[in-house]
Asks: 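One structure follows; several queries about it will come next.
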Amino acid sequence: MQPTAAGAIGVFDSGYGGLTILSSIKALMPEYDYLYLGDNARAPYGSRSFESVYRFTLQAVEWFFSRGCHLVVLACNTASAKALRTIQQRDLPVIDPERRVLGVIRPTTERIAALTTTGHVGVLGTEGTIQSRSYEIEINKLHPQLKVTGEACPMWVPLVENREHDKPGADYFVRQHLEQLLTGDPQIDTIILGCTHYPLLLDKIGQYLPAGIRILTQGNYVSESLKDYLRRHPEMDAKCTKGGTVCYYTTDAPDKFNRLASLFLHEEIAAQQIKLERL
Ligand code: DGL
């Protein structure tokens with residue numbers, strides 16, 4: 001079903017990973033309209049330069065705005081780490097100061113202190129997210145006493161994007177990065193899955209995770225934070241239409257997107273293809 005009016009909430013990811021976030025948002029707030037865009041033609045973003053991730057993300061945000069969205073969630077840690085701050089501080093005031101773009105890092109970091117007992121936190125993410133040190137910076141702004149160790153897992157997103165995440169080949173890469181993280185800091189008791197693709201690897205992660213270590217996925221934190229944001233900003237809530245619809249868009253072939261997205265969402269979808277620029 002198509003949204004009947006402008007005012008859907010935009011949800012963006014480089015590919016399929018943001019569907020894990022959309023799924024939690026829809027479960028908590030089914031009454032809103034949503035537009036999902038996966039930039040599958042240019043995924044993965046994780047090993048791309050700051051400049052490319054920023055440029056691609058800004059193009060996506062402008063596309064959402066052109067479709068009538070007032071609020072866009074970057075359901076992608078890499079885009080949140082590398083592009084969100086510049087878009088919020090430099091671009092939005094020029095494009096339209098009334099529109100908002102939110103990310104996925106802050107909602108997760110706000111909850112972390114209550115969850116760790118040792119005060120040692122691990123973050124698994126893409127190269128871009130880990131190199132940016134965004135989690136460490138955001139967590140230490142709120143809780144300077146926490147020790148944050150990051151581990152980049154460059155193969156994990158390709159495993160998910162290629163539907164290999166539940167196959168035997170994934171075991172090697174999952175074990176390797178968990179071991180490296182926990183060797184780096186053996187006192188870690190809480191690990192943030194700082195990439196929206198990684199929940200698809202939860203079964204494999206569970207097989208290699210030592211007992212007593214908690215794994216955090218972001219869906220619930222992001223959806224609860226979005227709900228809270230709309231409660232605190234009734235003027236934005238009033239601009240978000242509530243028809244209960246979701247439309248899916250991809251920058252790559254829709255038939256492949258439909259096939260794989262259905263597996264992530266456990267429902268059939270029919271995405272449309274769009275072009276963000278001359279690729
Ligand atoms: N799902 C994204 C994230 O949360 C991006 C992964 C990628 O494209 O490399 O970081």
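We count residues from 1, following the sequence as given.
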Asks: Between Glu136 and Arg133, is the closest basic N to carboxylate O distance under 4.0 Å?
Replies: yes

Asks: Is the shortest side-chain N to carboxylate O distance from Lys242 to Asp237 below 4.0 Å?
Replies: yes

Asks: Kindly check if the number of other-residue, nucleotide or ligand heavy atoms within 6.0 Å of CG (Asn162) is above 12?
Replies: yes

Asks: Are the side chains of Pro154 and His177 in contact, using a 4.5 Å heavy-atom criterion?
Replies: yes

Asks: Quick one: are Tyr36 and Asp13 in side-chain contact, heavy atoms under 4.5 Å?
Replies: yes

Asks: Check the hydrophobic clustering (I, L, V, M, F, W, Y; side-chain heavy atoms under 4.5 Å; chains of links allowed) and say if Ile192 and Ile188 are grouped together.
Replies: no

Asks: When you measure from the centre of the six-membered ring of Phe56, is the NZ or CZ of Arg48 closer than 6.0 Å and no more than 45° off the axis?
Replies: no

Asks: Is there a path of hydrophobic side-chain contacts, each under 4.5 Å between heavy atoms of I, L, V, M, F, W or Y residues, that connects Ile87 with Val94?
Replies: no

Asks: Within the structure provided, determine whether Phe12 and Thr57 are in side-chain contact (heavy-atom separation under 4.5 Å).
Replies: yes

Asks: Which distance, rounded to the nearest 0.5 Å, do you find between the CD of Gln218 and the OG1 of Thr20?
Replies: 7.5 Å

Asks: Between atom CZ of Arg99 and atom CD of Glu62, what is the distance when rounded to the nearest 0.5 Å?
Replies: 11.0 Å

Asks: Does any part of the side chain of Leu260, heavy atoms only, come nearer than 4.5 Å to the side chain of Thr250, both counted from C-beta?
Replies: no

Asks: Answer yes or no: is there a donor N or O on one side and an acceptor on the other, between the side chain of Asn40 and the main chain of Thr251, under 3.5 Å?
Replies: no

Asks: Run the side chain to side chain contact (heavy atoms under 4.5 Å, CB included) test on Asn258 and Tyr248 for me, step by step, so that the C-alpha distance in whole Å, both residues' side-chain angles and the decisive distance to 0.1 Å come before the verdict.
Replies: CA-CA 9 Å; Asn258 293 343; Tyr248 296 91; 5.9 Å; no

Asks: Using a 6.0 Å cut-off, check whether atom CD of Glu268 has over 12 heavy atoms from anything other than its own residue.
Replies: no

Asks: Do Arg106 and Glu138 touch side chain to side chain, with heavy atoms closer than 4.5 Å?
Replies: yes

Asks: Got Tyr249 and Leu276 here, is their nearest side-chain heavy-atom distance under 4.5 Å?
Replies: no

Asks: If you group Ile, Leu, Val, Met, Phe, Trp and Tyr by side-chain heavy-atom gaps below 4.5 Å, do Val222 and Tyr198 land in one group?
Replies: yes

Asks: Does the distance from a Lys or Arg side-chain N to an Asp or Glu carboxylate O, for Lys204 and Asp166, drop under 4.0 Å?
Replies: no

Asks: Please walk me through it: do Asn77 and Tyr135 pass side-chain hydrogen bond (donor to acceptor under 3.5 Å, both in side chains)?
Replies: CA-CA 10 Å; Asn77 287 268; Tyr135 272 94; 2.5 Å; yes

Asks: Set out, in order, the CA-CA distance, both residues' side-chain angles and the distance that settles side chain to side chain contact (heavy atoms under 4.5 Å, CB included) for Leu71 and Leu226, then state yes or no.
Replies: CA-CA 10 Å; Leu71 179 62; Leu226 180 62; 3.9 Å; yes

Asks: To the closest 0.5 Å, what do you measure between CG (Leu84) and CG (Leu58)?
Replies: 12.0 Å

Asks: Atom NE2 of His70 and atom NE2 of His233: how far apart are they, to the nearest 0.5 Å?
Replies: 15.5 Å

Asks: Side chains of Leu193 and Leu202, heavy atoms from C-beta outward: is any pair under 4.5 Å?
Replies: yes

Asks: Are the side chains of Val174 and Trp156 in contact, using a 4.5 Å heavy-atom criterion?
Replies: yes

Asks: So, are Arg232 and Asp228 salt-bridged, with charged N and O less than 4.0 Å apart?
Replies: yes

Asks: Under the 3.5 angstrom rule, does the side chain of Asp33 hit a backbone N or O of Gly243 as a donor-acceptor pair?
Replies: yes

Asks: Between atom CD1 of Ile130 and atom SG of Cys153, what is the distance when rounded to the nearest 0.5 Å?
Replies: 7.0 Å

Asks: Does Lys227 pair with Glu224 as a salt bridge, N-O distance under 4.0 Å?
Replies: no

Asks: Hydrophobic clustering (ILVMFWY, side-chain heavy atoms < 4.5 Å, transitive) - are Met236 and Ile9 grouped together?
Replies: yes

Asks: Could you measure the distance from the CZ atom of Arg85 to the CD1 atom of Ile105? Nearest 0.5 Å is fine.
Replies: 10.5 Å

Asks: Assess the residue pair Phe264 and Leu22 against the criterion (side chain to side chain contact (heavy atoms under 4.5 Å, CB included)); give the C-alpha distance rounded to whole Å, side-chain angles, the decisive distance to 0.1 Å, and a yes or no.
Replies: CA-CA 10 Å; Phe264 287 29; Leu22 176 66; over 6 Å; no

Asks: Would a hydrophobic clustering, with Ile, Leu, Val, Met, Phe, Trp and Tyr connected at side-chain separations under 4.5 Å, put Leu216 with Leu28?
Replies: no

Asks: Report the relative orientation of the aromatic rings in Tyr32 and Tyr34; use parallel for angles under 30°, tilted for 30 to 60°, perpendicular for over 60°.
Replies: tilted

Asks: Test side chain to side chain contact (heavy atoms under 4.5 Å, CB included) on Thr78 and Ser14; report intermediate values, then the result.
Replies: CA-CA 9 Å; Thr78 311; Ser14 60; over 6 Å; no

Asks: Answer yes or no: is there a donor N or O on one side and an acceptor on the other, between the side chain of Ser80 and the main chain of Val104, under 3.5 Å?
Replies: yes

